[in-house]
Amino acid sequence: MTNTIGCIEKADVILVTGSNTTENHPVLSSYVKRAVKFRGTKVIVVDPRRIKMSRFADIYLRQNLGSDVAWLNGMMNVIIAEGLHDQNFVESRTEGFEELKKTVEKYTPEYVEEISGIPAEKLVEAARLYANAKAASILYCMGITQHSHGTDNVKSLANLAMLCGHMGIEGGGVNPLRGQNNVQGACDMGGLPNVYPAYQPVTDPAIAKKFEDAWGVTGLSTNLGLKVTDMIPKAHDGELKALYIIGENPLVSDPDLNHAEKSIKNLDFLVVQDIFMTETAELADVVLPAKCFAEKDGTFSNTERRVQRVRTAVEPPGDVWDDWKITCEIGTRMGLPMAYADSEAVFEELRTVTPSYAGITYDRIDQVGIPWPCLNVEHPGTPILHRDQFTRGKGLFHAIDYTPPKEQADDEFPLYLTTGRLLYQYHTGSMTMKTAGLNDRAPECIVEISPADAATYELEDGEKVEVASRRGNINATVQISTTAVTGTVFIPFHFAEAAANKLTNAALDPVSGIPEYKVCAVKLSKAA
Amino acid sequence: MTTENTISINGNGFSFKPGDTILDVARKHDIDIPTLCHLKGATPTGACRMCVVEVEGARTLLASCATPAAANMVVETESPKVVETRKMLLQLLLASGNHNCAISGSAGSDWTAFQLKVHKDDGSDELCPVWGDCHLQELAYRYQVSGEAFDSTEVSYPMETVNPFIVRDFSRCILCGRCVQACNDVQVNNAINFGYRGAPTKIVAAEDKPLKDSDCVFCGECVQACPVGALVEKDARYAVRPWETTKVRTTCTYCGVGCQVHLHIQGGKVVKVTGVEDLSPNFGSLCVKGRFGFDFIHSPERLKAPLIKKNGQFREATWDEALDLVADKLGSIKDAHGADSIGVLTSARVTNEENYIANKFTRAVLKTNNIDHCARL
Ligand code: SF4
Ligand code: SF4
């Protein structure tokens with residue numbers, strides 16, 4: 001997030017898109033709901049499902065799946081046409097406005113209505129509301145990123161925020177909500193194929209040299225590595241021979257699972273390090289047992305970049321180790337001595353090579369976490385990014401055209417499917433499914449369908465139905481709900497025995513490598 | 001100090017800011033005015049009247065949580081009149097339900113009959129599930145009262161136990177309204193409210209449905225806010241006693257909000273989770289996963305030793321054996337096919353330190369940049 005969670009309550013307008021906030025970030029959603037209730041903050045929800053947050057919204061817009069660039073360009077079209085943009089901000093803080101202006105010119109509300117299904121006058125209303133706010137915050141999540149053009153979607157949101165000067169101010173910002181406890185930290189720490197910790201590019205020889213010196217090694221690679229979504233096909237083709245998987249379960253979370261499973265089975269060697277025997281671990285040659293969060297010390301970085309402590313509360317169940325210690329032992333055996341007294345010692349090392357964490361120490365975050373960048377031990381941390389300038393200096397507008405999603409509904413697969421999470425389960429369920437109460441609330445895979453679609457396909461609430469796409473099929477229980485919009489069904493991806501990702505499309509965003517989980521075409525038929 | 005913004009409490013002068021209530025000023029200076037219904041961050045309701053104080057010139061006692069401090073106000077927080085009122089309020093509350101800890105009084109002849117009846121209602125022969133962790137009990141001790149001063153009132157509504165997370169025991173509910181505010185004003189889930197206004201009032205969900213059939217999302221904000229034993233975590237009820245537990249503060253392991261939690265440990269196990277009050281980012285709030293989804297920690301299905309697969313079957317191995325094998329295999333694959341034939345998936349689930357080490361291992365040991373994680377999936 002460019003801003004903090006607390007900052008949400010200071011916004012006059014909040015645009016929530018592609019985030020089922022009340023179910024996936026419940027505590028954060030209460031900031032939005034309180035703002036509405038006590039400050040009269042106006043909320044705009046743009047989502048393919050009539051999610052609970054829409055009850056708190058002044059304007060609810062339902063876009064066709066994958067039409068986000070179109071409606072965002074449409075909002076900018078209105079804003080520029082009516083002169084509602086922040087001319088000062090655009091002039092002094094950004095570049096590329098003219099190109100943007102040219103690109104969005106054709107996205108008139110009427111044209112956008114054709115693509116997105118959003119009524120023209122509603123779009124105009126939303127555009128005015130957002131632009132006229134003193135401070136408007138954008139909250140988004142996987143509904144924006146999990147598309148074959150997800151990067152374009154994110155850039156379009158940034159365009160909109162910069163255009164209206166809702167950046168670098170209290171109550172503003174473009175705020176991605178991270179779905180997992182330490183996505184932020186995994187990225188910050190160089191868990192990405194193109195960057196070292198603090199996003200220092202691997203292709204820069206000077207950076208490589210810096211890390212060679214810090215780590216006492218030579219020959220660090222300056223080639224871009226493989227993204228997870230490249231690794232799977234490479235494993236399939238036999239180019240990738242071995243995988244070392246730490247705490248992930250790609251065999252439920254990857255797109256087009258049937259293909260992913262074949263690929264992983266094709267590896268010469270698979271090591272999985274986890275707390276449970278997951279679907280992925282079953283396929284491993286070696287399984288290494290790790291401690292869970294309650295058994296270890298360390299830090300997580302939350303969605304607002306706040307680095308917070310994790311503390312040991314209980315003993316692990318057997319002879320299981322910290323993840324860092326296991327990895328260090330393998331590294332040492334392979335020739336690079338990696339020995340640390342404890343997690344704090346690791347942290348002390350990482351902050352010397354991670355400028356944005358340089359000023360953070362366990363002592364300083366004992367009570368309250370600090371949001372990075374925190375450049376030295378006197379630095380208070382940075383709750384709001386881009387206050388005076390953007391990372392690259394001026395903010396760059398990206399002129400982006402709409403391209404349709406990779407798969408369209410047709411006669412054979414007449415319905416759209418979008419996937420996501422439920423309040424009562426988490427990710428692949430390996431943790432939440434151990435709590436009986438959570439299973440009681442969300443026991444099995446459902447397919448959420450609108451009353452009209454249920455009538456068309458003659459389906460009853462609670463009945464089993466087969467859902468098929470071009471890639472596979474699963475059985476799920478029908479849940480008729482007014483949250484669903486006719487023509488689009490929703491399936492949560494938590495359930496391995498009815499894995500939604502057997503259906504989803506592995507078409508990737510060319511930049512981020514994120515698959516198009518949010519759009520594919522399916523058909524329903526009564527389960528045999 | 002100018003007299004325009006000075007208030008006298010128990011004979012001492014304090015300055016205040018416009019908008020401060022008497023309670024705010026008192027709390028700021030460690031003067032302990034007792035409250036039951038007051039919930040930080042929510043608008044004061046004055047429902048419980050426990051915070052009444054005597055203000056010079058006022059005809060009646062005033063609820064300090066709802067009375068703004070005013071210039072030259074003279075306040076007594078523990079005057080005989082105040083204490084007498086608080087005593088009576090507490091006695092009425094204690095007589096109003098199954099308050100079967102010692103404070104209900106044990107001198108009367110019908111004590112045994114009362115205990116037996118409560119045991120039957122509770123389905124347990126223990127004292128109240130929050131005995132020792134109850135605000136009402138604390139105040140009863142402080143003001144040395146019991147429940148015997150008034151005839152005990154009938155319990156009007158049966159307990160609700162049909163959801164997996166929260167037991168609602170209306171017999172112990174004192175109708176302070178903290179749960180209603182927690183649900184409506186803090187979490188804004190709008191699931192519960194006062195129902196059947198007039199006697200006998202009940203906190204109801206929807207049209208007095210069980211929580212599981214209402215808008216309730218089992219965030220448990222109401223449980224954490226309840227000052228007595230009316231709302232208790234189902235699994236912690238009778239099983240968790242505060243004097244047998246220790247608390248460790250850490251960060252929730254589910255979503256990216258990073259709520260600060262207290263893990264309550266009893267007998268080496270996590271038995272309950274509560275939100276850390278007063279601190280960002282969650283100020284005490286949690287969701288159903290963060291509060292109730294901790295069973296996986298002690299699941300019998302946890303992996304307990306390294307495993308090596310031989311002929312399609314896993315067998316347990318020592319760490320040395322497993323680590324040697326992994327190092328060996330990765331080393332020989334690297335030699336035979338090059339560093340880029342190996343990939344590492346690190347995790348959005350593990351700590352920064354562990355991600356850093358995974359990054360260092362991949363780059364400095366394997367000598368490849370093939371590292372990613374699945375979190376964007
Ligand atoms: S658990 Fe949460 S949603 Fe349910 S009644 Fe309590 S506060 Fe409201
Ligand atoms: S308690 Fe809920 S909202 Fe808070 S971090 Fe955990 S999962 Fe997220």
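Each chain gets a letter, A, B and so on, in the order its sequence line appears, and its residues count up from 1.
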Beyond-backbone contact of A:Met431 with B:Ile297, side-chain heavy atoms, under 4.5 angstrom: no
Output field: ring centroids A:Phe347/B:Tyr356 closer than 6.0 Å: no
So what's closer than 4.5 Å to chain A heavy atoms on B:Asp320: side chain, backbone, both or neither? both
Check the pair A:Asp274, B:Arg302 against salt bridge (Lys or Arg N to Asp or Glu O under 4.0 Å), reporting the backbone distance first and the verdict last. CA-CA 9 Å; A:Asp274 210 311; B:Arg302 281 285 299 276; over 6 Å; no
Winner by heavy-atom pair count (cut-off under 4.5 Å) against chain A, out of B:Val344, B:Val248, B:Ile371: B:Ile371
Is the shortest side-chain heavy-atom distance between A:Val320 and B:Leu303 below 4.5 Å? no
Using a 4.5 angstrom heavy-atom cutoff, name the option from B:Leu366, B:Val326, B:Leu279 with the most pairs to chain A. B:Val326
Would you mind checking which part of B:Phe294 comes under 4.5 Å of any heavy atom in chain A, side chain (CB onward), backbone (N, CA, C, O), both or neither? backbone
Any donor-acceptor pair under 3.5 Å from B:Lys309 side chain to A:Val287 backbone: no
Can you find a pair of side-chain heavy atoms, one from B:Pro281 and one from A:Glu304, that are under 4.5 Å apart? yes
Max heavy-atom pairs within cutoff under 4.5 Å with chain A, candidates B:Ala336, B:Cys255, B:Ala327, goes to B:Cys255
Interface moiety of B:Cys252 toward chain A, non-hydrogen atoms closer than 4.5 Å: backbone
Best-contacting candidate, B:Thr362, B:Leu263, B:Val276, against chain A by heavy atom pairs under 4.5 angstrom: B:Leu263
Determine whether A:Val314 and B:Ile265 make a side-chain contact, defined as any pair of heavy atoms from C-beta on separated by less than 4.5 Å. yes
Residue that, paired with A:Asn182, satisfies side-chain contact (heavy atoms from CB on, under 4.5 Å) out of B:Asn355, B:Val350, B:Thr251, B:Thr253: B:Asn355
Given the options B:Phe283, B:Phe292, B:Phe314, which has more heavy-atom pairs under 4.5 Å with chain A than any of the others? B:Phe314
Short question: side chain of A:Tyr426, backbone of B:Tyr254 - any donor-acceptor pair under 3.5 Å? yes
Return the orientation label for the B:Phe361 and A:Tyr244 ring planes: parallel under 30°, perpendicular over 60°, tilted otherwise. perpendicular
Can you tell me if A:Arg34 uses its side chain to pair, donor with acceptor, with the backbone of B:Val186 under 3.5 Å? yes
Does the side chain of A:Met189 come within less than 4.5 Å of B:Glu354's, by heavy atoms? no
For B:Ala305, does its backbone N or O pair with a side-chain atom of A:Asp319 as donor and acceptor, under 3.5 Å? no
Are B:Pro164 and A:Arg441 side-chain neighbours, meaning at least one heavy-atom pair lies under 4.5 Å? yes
Cation-pi check, B:Arg349 to A:Phe293: give yes when NZ or CZ is under 6.0 Å from the six-membered ring centre and within 45° of the ring axis, no otherwise. no
Does any non-hydrogen side-chain atom of A:Phe269 lie less than 4.5 Å from one of B:Leu330? yes
